[in-house]
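Every chain is numbered from 1 and lettered A, B, ... according to where its sequence line falls, protein lines coming before strand lines. Computed from a predicted model, the values in this text were never measured in an experiment.
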Amino acid sequence: MNRAPTIPDRILDGLNPQQREAAGYSEGPLLILAGAGSGKTRTLTHRIAHLIASGRARPHEVLAVTFTNKAAREMRDRVDALLQNQGRGVWVSTFHSACARILRREIGHMGFEPGFSIYDDADQRTALRRLIKEMGLSDRSYPARSVRSQIDRFKNRGLWPADLRAQDTLDSDRLSEIYQAYQSSLRRANALDFGDLLMLTVRLFQNHPGVLDYYQRRWRFILVDEYQDTNPIQYQLLRLLSQTHQNLCVVGDEDQSIYRFREADIRNILDFEKDFPGARVVRLEQNYRSTQSILDAATAVVQNNVDRLGKRLFTEREGGDPVRFFEAADDRGEASYVVSELLRRREEGLSLKDAAIFYRIHAQSRVFEEELLKYNLPYAVIGGTRFYDRAEVKDALAYLRVLVNRNDSESLARIINRPARGIGATTVARLFEAGNQRNTSLWGGVEASLAEGLLTGAALRRVRAFHALIEELRNHIDQEPVADLLARALDRSSYLQALEEDGSVEAETRRENLRELLAAAEEFAGQNPEPFEAEDEEPRAGTLQLFLEQVTLYSSADTLDGETLALMTVHLAKGLEFRVVFMVGLEEGLFPHFASHSDPVGLEEERRICYVGMTRAQESLYLTNATLRRLHGRVQSNLPSRFLDEIPPDLTVGSTRAARGLPVGAREPPSPEPRIDWNEGQWEGDELPPLEPGSRVEHPIFGAGAITEIVGAGPAAKIRVRFERVGMKTIVLRYAQLRLL
DNA sequence: TGGGAAATTTTTTTT
DNA sequence: AAATTTCCCA
């Protein structure tokens, strides 16, 4: 049956000596420092295939961790192809998916039920918003959004509420209290958030050595891609899992670390040799992807970073097109330039699937979409408002989630009055309170209210009817395929009916989306989601549960195919490559993003993001910027990105501000520039004067100073200025009699 | 009480 | 522009 071991060495054919060394390396920790385009994924897949083909590991003894589920699927397919279908059983997944899978089996040890829900960002926020209100705290001092991200950051660092010390936050008392309350509410709801998937797995391993032992023994070889973007909790997990066999192989590039906001810690890769003594280090420095011009330009940018090991990447693809600069008058002009270039190149035979548009933030996609629609060019926006984030889709999924786990309070709260059935905010608050008092979920509150007569009149009738609806639907869980169950839920809840009666175009779109969701559910049932190895003896989580998990954990970056142009953020572009890349919006304030402006560490990360984007290009790279940009409903005027200025002019063609002697990026404006006074009509409407941190200004009373921070946009923006004579002041731009120096 | 309209606030990047 | 909160009427 297992005929694989006959051809182990052929698997290493076609690799260069360094790739070969890494792929064929036998036992012990292994660090592969792999520059952009140096074939790291190829090396990883060949290593997995070789481990199995040579008989050193059986498929189920290998765990490979990738950054996205899409990457996981690709890697699984490639391994499988190399092994002629003997590769099934290798676990290839993201940290989150792997942990979810472990927890489905083991979470009983932690006092949760196996049918646990997974809360996404929106669920977390609404849960927090309610808790903060319940605790009598002001949502001004504790905006749910920022509390959510702080808690998330704690989790990425592996910190539970009890671990917080004063230095972790300015007001650690209340914050850790909220965090604590939030964790109890998750527990009552039998729910985990994204961070908990990792946190609970680590805690499970720490508290249950027997369970840890099983996984330690089982995974004799562990491989991790994009290691530069792992955070402390992921590091802990890897340490625990690799203890027994020490066969941890990590691949990464410190220049491509772009997830600091998720607590990714570059020291993980810098310190690997210290953390895992005796580690073998292999460097992959030959770039097989890009032309020399592209590589040189990208290197020139990233070289401005202080915090890096430094490496020499080389390519045999000499020369190539110079990098193209284009400065448009505004964002529409930028889009029309990009699309006209696409049309031109398509005439020359470029396939749209070989091109991509990268931007810093999702909001930039819109103008490009409009322009592409004009010419009927097929495109796909990756990420952004994902299909599964649409209100009606979330409603439908909430019904399913409640059927699996009635205690999922966020989902229940979402659907209890959708479609409107007369159970308003006041009633829901009461039900929540009833649940809280009994230390149970919203559903517990519903049951208690019905049993103990806490409600009267219309409210009672309506809640009773809703309760009956859920109970009725639950009877069908095990008897019907996911799609049928979903259709039944939408029908019995009158959700579809309400949309039909609405009659608006919007409602029609929503129904369309629901049909699409039904189709997705059907398709899901058709394919066997994850191949299970016999040894796994995994309790077959219901298909319904697997469907929900996939919908929650799989980002839409995980689907991209056909003859379509891809639009995405640079973050989502990591790990991909395209013949032609347009990186747009290279402007101060946008890229580098203003949130990182005042902080050198943040700026270095922005520079790495830029580097990642540039190195995706194989043949042609376009870098564009717009002088005026409509963003967040306002028009702003941006200087070209300082990153453009960091690229040597001999590698580029096209217009640049620098070539015309105009100010670029962080540089001081040329000095005998006429003084700009924007109180006298040069800057109309919402247009913002060319100000940025670092600009020097003069105030009639305070004298000269330098801008340290700009808050907001347009004339209503405030700026913080450090004046030479009077120190730091905050000034509203509109009223300030400032002059630019 | 519930529902929808109007006013207000807030802007990065993701599993 | 979009998300959220407040306001006002039935």
Report the C-alpha distance between A/L603 and A/R642 in whole Å, list the side-chain angles of each, state the deciding distance to 0.1 Å, and finish with yes or no for side chain to side chain contact (heavy atoms under 4.5 Å, CB included). CA-CA 11 Å; A/L603 264 176; A/R642 68 191 70 190; 3.4 Å; yes

Tell me, with the steps shown, if A/K574 and A/D229 meet side chain to side chain contact (heavy atoms under 4.5 Å, CB included). CA-CA 11 Å; A/K574 190 164 84 156; A/D229 273 324; 2.4 Å; yes

Begin from the C-alpha positions of A/E606 and A/H597 and carry the test side chain to side chain donor-acceptor pair (under 3.5 Å) through to its verdict. CA-CA 9 Å; A/E606 294 285 324; A/H597 244 222; over 6 Å; no

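Base engagement by A/D121 is indicated by at least one non-hydrogen atom pair under 4.0 Å involving a base atom. Within 4.0 Å (heavy atoms only), A/T427 reaches sugar-phosphate atoms of the nucleic acid but no base atom. Using a 4.0 Å heavy-atom cutoff across all strands shown, A/A595 reaches at least one base atom of the nucleic acid. Here A/A363 lies out of heavy-atom contact (under 4.0 Å) with every strand.
Across the protein-nucleic acid pair, A/D152 atom CG and B/dT13 atom C1' stand 13 Å apart, rounded to whole Å. In this structure, the CD atom of A/Q636 is 13 Å from the C1' atom of C/dA1, given to the nearest Å. One can place CZ of A/R366 at 5 Å from P of C/dA2, the figure rounded to the nearest angstrom. Taking atom CZ on A/R153 and atom C1' on B/dT14, their separation rounds to 14 Å, with Å as the unit. When rounded to the nearest whole Å, the span between CG of A/N69 and P of B/dT14 equals 15 Å. We find that CZ of A/R101 is positioned 19 Å from P of B/dT15, with the value rounded to whole Å. Residue A/M568 contributes atom CE, which lies 12 Å from atom P of B/dT15 at whole-angstrom precision. In this structure, A/Q364 atom CD and C/dA2 atom P are separated by 15 Å, rounded to whole Å.
Annotation: cation-pi geometry not satisfied between A/R125 and A/Y119 (NZ/CZ under 6.0 angstrom from ring centroid, within 45° of ring axis). Geometric assessment of A/R130 against the ring of A/F432 yields a positive cation-pi assignment under the 6.0 Å and 45° thresholds.
A 6.0 Å sphere centred on CZ of A/R239 holds more than 12 heavy atoms belonging to other residues, nucleotides or ligands.
Using a 4.5 Å cut-off on side-chain heavy atoms (C-beta onward), A/Y379 and A/I357 make no contact.
In this structure, of C/dA2, B/dT15, B/dT1, it is B/dT15 that holds the atom nearest to the side chain of A/F194. When the nucleotides C/dA1, B/dT15, B/dT1 are ranked by their closest atom to the side chain of A/T94, B/dT15 comes out on top. The nucleotide whose nearest atom lies closest to any side-chain atom of A/S596 is, among B/dT12, B/dT15, B/dT1, B/dT12. Taking only side-chain atoms of A/N417, from C-beta outward, the nucleotide of B/dG3, B/dT14, B/dG2 with the closest atom is B/dG3.
Checking the phosphate oxygens (OP1, OP2) of B/dT15, no side-chain nitrogen or oxygen of A/T68 falls inside 4.0 Å. Considering only side-chain N and O atoms, A/N156 lies nowhere under 4.0 angstrom from the phosphate OP1 or OP2 of B/dT15.
Summary of the strand contacts: A/R145 and A/R421 both lie near DNA chain B, and taking for each the nucleotide with the nearest heavy atom, the more 5' one is attributed to A/R421. With the nearest nucleotide of DNA chain B identified for both A/I609 and A/G422, A/G422 has the one nearer the 5' end.
The side-chain ring of A/H593 is stacked on the base of B/dT12, judged by centre separation under 5.5 angstrom and plane angle under 30 degrees.
Contact check of residues 124-134 of chain A against DNA chain C (heavy atom, cut-off under 4.0 Å) returns A/R125, A/R129. Heavy-atom distances under 4.0 Å link DNA chain B to A/Y259, A/F261, A/R262 of residues 258-265 of chain A, given in residue order.
Aromatic ring centroids of A/F67 and A/Y259 lie under 6.0 Å apart.
A parallel orientation is assigned to the rings of A/Y359 and A/F368, their planes being inclined by less than 30° (bins at 30° and 60°).
Panel note: side chain A/E501, backbone A/A498; no donor-acceptor pair is recorded below 3.5 Å. Between the side chain of A/N268 and the backbone N or O of A/T230, at least one donor-acceptor pair lies under 3.5 Å.
On the P atoms, C/dT4 is 14 Å away from B/dT13, given to the nearest whole Å.
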